[in-house]
Amino acid sequence: MTEGVVLSVAVETPRYSAVGGLLDYASEQTLPPGTLVRVPLGRRDMPGLVWQRPAHAGLPPAELRPLAAVVSSLPPLADEWRELIDFAAAYYQRGVGELALAVLPPDLRKLDDTRLARRLARLQRDPVAADRAADEAAALSARPELNEEQAAALVAIGAADKPVLLHGVTGSGKTEVYLRAAEEVLQRGRQALVLVPEINLTPQLEARFAERFPGHVMVSLHSGLTPAQRLRHWLLAHLGRADLVLGTRLAVFASMPRLGLVVVDEEHDPSFKQQEGARYSARDLAVWRAHRLGVTVLLGSATPSLETWQRALEGRYLRLALDRRIGGGVMPAVKLVDMTRLPRETQQERVLAPPLLGAITERIERGEQSLLLLNRRGYAPVLHCSACGWKSGCPHCSAWRVFHKADRTLRCHHCGLTERVPRACPDCGNLDIAPLGRGTEKLQEQLTALLPGARVARLDADSTRGAGELQQQLGAVHAGEVDVLVGTQMLAKGHDFRRVTLVAAVNPDTALFSSDFRAPERLFALLMQAAGRAGRDATQAARSEMWVQTWHPRHPLYAALKAHDYGAYAAAQLAERRAAGLPPFASLALLRAEARTADVARAFLHDASALVAPREGVTVYPPVPPPVAKVADVERMQMLLESPSRVVLQRMLAAWLPGLHELRAQHKGLLRWAVDVDPLAI
Ligand SMILES: [Zn+2]
Ligand SMILES: [Zn+2]
């Protein structure tokens, strides 16, 4: 090729290669940045995105490989979208090409220009709901009146020039505020993006938006879609045909040319943080993206993350409060059961304290429902031999295998290893091996025995494995076919149970003394959320109760819960975090390493720490194993980096990474390594 231009293309290069993901190719014609292309890499053809015309004086076009194909039917991705990717890749220390291609629908990367052109033509022909404008007018005229707090919040949102924290207790009508804010944006011809933490929560919210805006096109984006659906939805958003995009964390990367509003519901939820590959926080990226575009971002929560709360205290976010529940419901009274006051011999064995059991019995007699939370699925966390002390450990992980009684298996919740329960102790042959501790399965069994005639159901990851099982079980609860529902934290999230007047946390204390500094914050959010499940119906609100069984009834966390006082709890936690130099008062990153032996992983981290210059303003802690160090025969180690300044930490990481790529070559046994910026668990 004699004539032509050089284009810098974002390509998904093999993981952890030192190539940043931008490669130069020759092209006969200049192409706008954001154009989808196919390029040769090694012997393969790969999808790529034209990123920029390189500013540096690289090789002339004649010495570069030419593009393999141009997918010209797809309108180029916008500058704004590429800036988001550039920022996220730099911040989370990943390659631009890796991230850019990873967040596109898988099918988009496979289709050639002809087939994609056909798909696009079909989408353009699709009838858009224009003829349903009358339905929408009717839906809008029938929408509920806002209360004073909601109306004031909406006015403030309209005038806000910074991110908005919508701090509202469960049932205070945050969703109605989202709907009104979206309505205003749709009227201006812009698109709205709504992020939720879990797929399970999308159907309810989708239904509310669809009901309110039948004249607009709404699509969802989450990992539960088929590849064809995901491509179709993504294209509708990218072409600007979809006005509303609702999705989980990956939707933060949706291409939306007319984006005018971003909503992050339950912004405190850990699900917004991606836990593999580029470990991004969709919440934080949503804030960045909205700020960059100059559009409003709404962060909604009853128990905001301490990071968000601190920013609101500093005035960087605007805090709007919804303190009252819609329809006059009140938050349930919180009752702490002091387990230390039960007779000593029965403390551990007793399922529920007698007063709690009595309160549940009363509910059953009145035809009301109770929810019991126990954050441990399976029947018992471990099987135990009383003769030799054998316990049902996993041979491949540093964890116990959990006893599941329903199918008589021992299952490792980390690597998935599942085996039949042995008849006798594998070590000494003793026939008397017994379960230790209690999971949801056992709690359900015990309650069934304690409450004769009561209908006791269970909801957890095991009981909802099959397609549609969750919706079916929730349907049974709503239909009143269940008296007592036992389950994991899955129960506490989002579901709107009208007949529930009692919620109980059976054994929440473990999180109080966890090595993870965020565990208490999560426990508080979980309990507040769980409490919010009760008393949503005003007629039942007065007799709604939240029970907490605890061996530490005077713990400040429970005192704040009793008062439904998030602010007091946050103030106490923030004071502790400030004193300990933890987020939001410091920035953290983890370097994780995985190898067949702990020594190999530790040696890599050790050498990595030697690459950090001592005066960089970043504290590097010694390598330590995470709480579950071995999973599926892979040993994991991690090393914490801490700095009072985010900028300093970012600068250090960027300078450090090339050295790490080189270092990896010297540690043969190393399987994987990764940097986790703003880790959620340490
Ligand atoms: Zn034994
Ligand atoms: Zn295992």
Side-chain angles (χ1 to χ4, degrees), residues 8-13 20-22 32-37 47-52 74-106 108-109 162-163 185 190-196 219 221-223 230 233-240 242 244-264 267 272-274 276-299 307 317 646-647 650 653-654 675-678:
S8 189
V9 179
V11 185
E12 195 169 22
T13 48
L22 290 185
T35 303
L36 185 62
V37 293
L49 284 165
V50 175
W51 216 249
Q52 63 207 19
L74 186 76
L77 284 137
D79 290 351
E80 178 268 327
W81 185 85
R82 287 183 303 107
E83 283 168 17
L84 173 68
I85 298 290
D86 275 331
F87 169 78
Y91 188 83
Y92 294 105
Q93 309 294 329
R94 307 298 294 203
V96 167
E98 177 201 356
L99 184 62
L101 276 302
V103 301
L104 292 180
L108 186 65
R109 305 186 297 184
K162 48 185 158 188
V185 164
R190 308 284 291 271
Q191 293 168 299
L193 171 64
V194 182
L195 301 178
V196 292
V219 296
L221 281 176
H222 53 73
S223 58
R230 196 168 148 196
H233 292 185
W234 187 91
L235 286 173
L236 284 168
H238 175 61
L239 298 173
L244 289 156
V245 176
L246 203 146
T248 51
R249 61 176 177 261
L250 64 86
V252 77
F253 292 110
S255 163
M256 298 174 69
R258 295 184 283 109
L259 185 58
L261 171 74
V262 185
V263 174
V264 184
E267 67 86 30
F272 285 119
K273 180 89 154 82
Q274 169 79 11
E276 56 196 27
R279 295 161 181 257
Y280 63 85
S281 156
R283 191 253 336 263
D284 294 351
L285 288 179
V287 171
W288 189 90
R289 188 176 186 182
H291 175 75
R292 187 77 173 182
L293 278 171
V295 305
T296 303
V297 59
L298 269 182
L299 307 174
E307 281 80 359
Y317 291 3
R646 185 178 296 269
V647 177
Q650 278 286 314
L653 290 174
V675 174
D676 187 351
V677 180
D678 302 334

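The first residue of the sequence shown is numbered 1, and numbering continues consecutively from there. From a predicted model like this one, the values you see are computed outputs, not experimental measurements.
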Exercise. Residues in side chain to side chain donor-acceptor pair (under 3.5 Å) with H233, at least two apart?
Worked result: none

Seminar exercise, completed: Minimal heavy-atom distance between V252 and L195, with the atoms involved, is N-CD2, 3.8 Å

Problem set entry | Q650 backbone acceptor or donor facing Y91 side chain under 3.5 Å | no

Problem set entry | Sequence-distant partners of R82, side chain to side chain donor-acceptor pair (under 3.5 Å), two or more places apart | D79

Exercise. With sequence neighbours excluded, what pairs up with F272 under the ring pair (Phe, Tyr, Trp, His ring centres under 6.0 Å) test?
Worked result: none

Exercise. How far apart are the C-alpha atoms of W81 and V103, what are their side-chain angles, what is the distance that settles it, and do they pass the side chain to side chain contact (heavy atoms under 4.5 Å, CB included) test?
Worked result: CA-CA 11 Å; W81 185 85; V103 301; 3.8 Å; yes

Exercise. Atom CG of L36 and atom CG of L49: how far apart are they, to the nearest 0.5 Å?
Worked result: 5.5 Å

For this session: Tell me, please, which residues at least two apart from A102 pass side-chain contact (heavy atoms from CB on, under 4.5 Å).
Result: E12

Exercise. Ring pair (Phe, Tyr, Trp, His ring centres under 6.0 Å) with Y317: which residues, sequence neighbours excluded?
Worked result: none

Exercise. What is the minimum heavy-atom distance between A10 and L101, and which atoms define it?
Worked result: O-CD2, 3.5 Å

Problem set entry | Where A254 and L221 come nearest, the two heavy atoms and their spacing | CB-CD1, 3.7 Å

Seminar exercise, completed: Those residues at least two apart in sequence (or on a different chain) that pass side chain to side chain donor-acceptor pair (under 3.5 Å) with W51 are D86

Exercise. What pairs with R289 under salt bridge (Lys or Arg N to Asp or Glu O under 4.0 Å), at least two apart in sequence or on another chain?
Worked result: E80

Problem set entry | Shortest non-hydrogen contact between W234 and S255, atoms and distance | CZ2-CB, 3.9 Å

Exercise. Between the main-chain N or O of E267 and the side-chain N or O of R283, is there a donor-acceptor pair closer than 3.5 Å?
Worked result: yes

Problem set entry | Rounded distance [0.5 Å steps], CD in Q93 versus CG in L653 | 4.5 Å

Exercise. Side chain to side chain donor-acceptor pair (under 3.5 Å) with Q274: which residues, sequence neighbours excluded?
Worked result: R249

Problem set entry | From CA spacing to verdict: side chain to side chain contact (heavy atoms under 4.5 Å, CB included), V196, H222 | CA-CA 10 Å; V196 292; H222 53 73; over 6 Å; no

For this session: Taking R109 for its side chain and L104 for its backbone only, find out whether a donor-acceptor pair lies under 3.5 Å.
Result: no

For this session: Check the pair L250 / Y280 against side chain to side chain contact (heavy atoms under 4.5 Å, CB included), numbers first and verdict last.
Result: CA-CA 10 Å; L250 64 86; Y280 63 85; 4.0 Å; yes

Exercise. In chain order, what residues pass the side-chain contact (heavy atoms from CB on, under 4.5 Å) check against A290, with sequence neighbours excluded?
Worked result: V262, V295, V297

Problem set entry | Check: P33 main-chain N/O paired with Q52 side-chain donor or acceptor under 3.5 Å | no

For this session: Return the set of residues passing side-chain contact (heavy atoms from CB on, under 4.5 Å) with Q191 (not counting sequence neighbours), or none when no residue passes.
Result: M256, P257, R258

For this session: Kindly say whether L84 contributes a backbone atom to a donor-acceptor pair with the side chain of R292 at under 3.5 angstrom?
Result: no

Exercise. Nearest heavy-atom pair of L239 and P75: which atoms, and what distance?
Worked result: CD2-CG, 3.8 Å

For this session: Only counting residues at least two apart or in another chain, list the ones meeting side-chain contact (heavy atoms from CB on, under 4.5 Å) with D676.
Result: K273, R279, L590, R592, P679

Problem set entry | Steps toward side chain to side chain contact (heavy atoms under 4.5 Å, CB included) verdict (I85, L77) | CA-CA 11 Å; I85 298 290; L77 284 137; over 6 Å; no

Problem set entry | Which residues share a ring pair (Phe, Tyr, Trp, His ring centres under 6.0 Å) with W288, sequence neighbours left out | F87

For this session: Considering non-hydrogen atoms only, spot the tightest contact between L285 and A88 and give its length.
Result: CD2-CB, 3.9 Å

